[in-house]
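Just follow the structure's listing: the first ligand is 1, and inside any ligand the first atom is 1. Throughout, residue positions are numbered sequentially from 1 according to the sequence presented.
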Amino acid sequence: MKEEVVIGLEIHIQLMTKAKIFCQCSTDYIGKEPNTNTCPVCLGLPGSLPVLNKKVLEFAVRTSVALNCKINQVSRFHRKNYFYPDLPKAYQISQYDTPLGINGYMEISLPESTEKRKIRITRVHIEEDAGKLVHEGDITFSSYSLADYNRCGIPLAEIVTEPDFRSAEEAQIFLVKLRSIVQHLGVCDGNMEEGSMRCDANISLRDAKTGALGIKVEIKNINSFKAVKKALQFEVDRQKKLLAEGEKIMQETRHWDESKFITVSMRSKEEAHDYRYFPEPDLLPLKVDLKMINNIRKNLSELPEARRKRFIKDYQIPEYDAEILTSSKALGDYYEKAVSLYSNSKVLSNWIMGELIRYLNEEKVEIKDSPVSPEKLVGMLKLMDEGIISGKMAKDVFEKMFKTGKDASQIVKESGITQITDENELIKIVDKVVNENPKSVEDFNQGKEKALNYLVGQVMRYTKGRAKPDFIFEAIKQRVKE
Ligand SMILES: [Zn+2]
């Protein structure tokens with residue numbers, strides 16, 4: 001049987017409102033003492049009543065509109081019942097049969113293809129987050145767990161796609177673009193490693209000939225962009241192997257183990273009826289008037305797609321550069337700041353996509369914390385334009401800037417790594433090299449171009465790379481012809 005990969009995603013994004021979804025507790029809980037960001041509402045104490053934070057609704061409508069969803073003008077909250085100590089109420093307030101946004105889509109571009117793929121968005125709904133359990137040691141053997149309810153009631157939007165992905169790579173491309181969109185909308189910081197964006201996936205294999213659907217397996221706990229592709233690919237390969245061996249695939253939930261690079265079985269998959277959904281009696285139906293939707297639509301911030309097109313048009317950079325520079329809001333902002341201070345937009349994009357991104361990845365630094373600010377990068381490029389440092393020196397200077405946070409001019413001053421601009425001094429060195437290498441000079445005069453490179457290399461060696469290569473080339477040519 002020839003199989004086709006079928007993947008659908010469910011993504012939770014943490015909405016960046018100041019207050020929680022149904023109470024006035026602050027959402028700023030990271031690093032806080034456990035259980036200090038709580039109140040009777042988010043602790044689910046008897047008699048407390050939830051009140052919807054209007055900002056949460058606005059952020060969720062913004063997200064739905066940006067994902068081309070139809071907004072249900074009347075939607076409802078439901079109770080999703082489950083019993084686990086991270087949820088003191090024993091139910092989560094979520095949306096069930098009438099979510100806020102439905103029938104949307106997002107287009108993604110595939111590598112080495114001009115074709116765009118439309119990924120359908122099934123729904124966008126609002127819900128509250130649960131608390132966090134801290135287990136003593138390994139969860140299986142721990143003798144106790146601690147409950148921290150600071151995260152209870154943090155607002156989430158859940159985005160569910162149709163099973164439209166045909167490979168792990170497509171799913172990853174989608175996620176990167178979705179992150180950039182929610183960042184540009186200002187509704188979520190998109191930090192997957194810190195849990196403000198979480199992804200679960202459904203994976204099955206379909207018979208390519210008959211279209212017969214396979215058994216779905218759900219993968220949970222994928223917590224980095226790198227892990228997405230690895231986890232999904234692992235699961236696709238695992239299922240293919242099982243089928244090839246004539247084994248059955250179990251419908252289950254599996255967990256991605258980042259340390260071992262495998263998925264492991266967690267539990268058999270629960271069905272919707274296991275949650276005993278029923279309408280939340282403490283909240284009125286959620287009404288969104290047309291005026292609000294239109295207002296949000298009109299004032300929607302520029303999305304990555306539009307920004308990419310504007311970068312190509314305004315800064316005359318290739319499509320590839322624009323795609324990378326708009327892949328995150330912060331990177332796009334960095335570029336725009338730099339380009340407002342420096343006119344050569346392509347040189348800037350080269351440095352950002354090359355050295356800057358490389359060092360950020362290597363040192364695991366977020367761009368907003370980059371020791372090399374746009375101003376500092378531009379300062380270095382200007383030294384290059386003035387001929388004070390060469391392109392090669394600039395790479396060393398950049399590394400020092402990144403490691404020390406100092407200005408380029410300060411680094412150049414301290415280490416004395418300027419180009420030799422005194423031409424008389426350079427000519428003297430050229431004379432010396434020519435006199436010391438009569439064989440190379442002869443070779444060059446007999447038409448061996450390579451000999452010239454050797455002579456230039458010798459000058460560079462004497463000057464420790466501080467000579468201007470163009471000038472040296474010309475000077476040697478002149479001198480050898482004499
Ligand atoms: Zn609260």
Side-chain angles (χ1 to χ4, degrees), residues 10-64 75-96 98-101 124-135 144-159 182 185-198 223 275-288 292:
E10 285 175 19
I11 303 113
H12 285 91
I13 57 167
Q14 224 173 60
L15 300 174
M16 294 194 295
T17 54
K18 290 204 174 72
K20 290 186 180 179
I21 183 167
F22 299 122
C23 60
Q24 290 183 5
C25 290
S26 161
T27 51
D28 183 17
Y29 70 94
I30 288 179
K32 291 273 161 70
E33 278 287 301
N35 300 309
T36 53
N37 255 17
T38 55
C39 73
V41 174
C42 55
L43 285 175
L45 299 187
S48 63
L49 287 171
V51 176
L52 179 66
N53 176 349
K54 209 172 167 186
K55 226 32 197 182
V56 171
L57 178 62
E58 190 196 314
F59 280 17
V61 172
R62 231 190 260 175
T63 308
S64 306
S75 64
R76 263 199 305 192
F77 285 108
H78 268 70
R79 285 189 184 180
K80 180 180 183 179
N81 298 282
Y82 71 88
F83 301 93
Y84 196 62
D86 66 355
L87 192 69
K89 293 203 294 276
Y91 61 84
Q92 176 191 30
I93 303 179
S94 180
Q95 293 196 292
Y96 181 49
T98 47
L100 179 72
V124 175
H125 74 247
I126 306 173
E127 63 185 29
E128 60 179 339
D129 207 349
K132 198 179 158 191
L133 294 185
V134 182
H135 309 289
Y144 64 87
S145 300
L146 300 170
D148 176 5
Y149 296 129
N150 282 348
R151 203 177 63 187
C152 268
I154 295 285
L156 302 175
E158 181 173 337
I159 299 156
V182 296
L185 290 171
V187 300
C188 173
D189 67 17
N191 195 327
M192 221 169 162
E193 284 77 4
E194 277 175 16
S196 46
M197 188 166 168
R198 295 166 230 161
N223 52 13
Y275 290 120
R276 272 88 178 157
Y277 278 100
F278 66 87
E280 167 60 66
D282 291 341
L283 286 164
L284 290 166
L286 182 56
K287 288 189 181 152
V288 195
M292 178 185 175

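Here CG of D189 is found 10.0 Å from CE of M197. Values are rounded to the nearest 0.5 Å.
A 6.0 Å sphere centred on NZ of K287 holds no more than 12 heavy atoms belonging to other residues, nucleotides or ligands. For E193, the CD atom is densely surrounded, since the number of other residues' heavy atoms within 6.0 Å is greater than 12.
In this structure, the ring pair (Phe, Tyr, Trp, His ring centres under 6.0 Å) partners of F22, at least two apart in sequence or on a different chain, are F77.
Of all protein N, O or S atoms, those under 2.8 Å from the Zn ion (ligand 1) number 4.
Remark: the H135 side chain and the S145 side chain contain an N/O donor-acceptor pair separated by less than 3.5 Å.
In summary, D148 and K32 do not engage in a salt bridge, as defined by a charged side-chain N under 4.0 Å from a carboxylate O.
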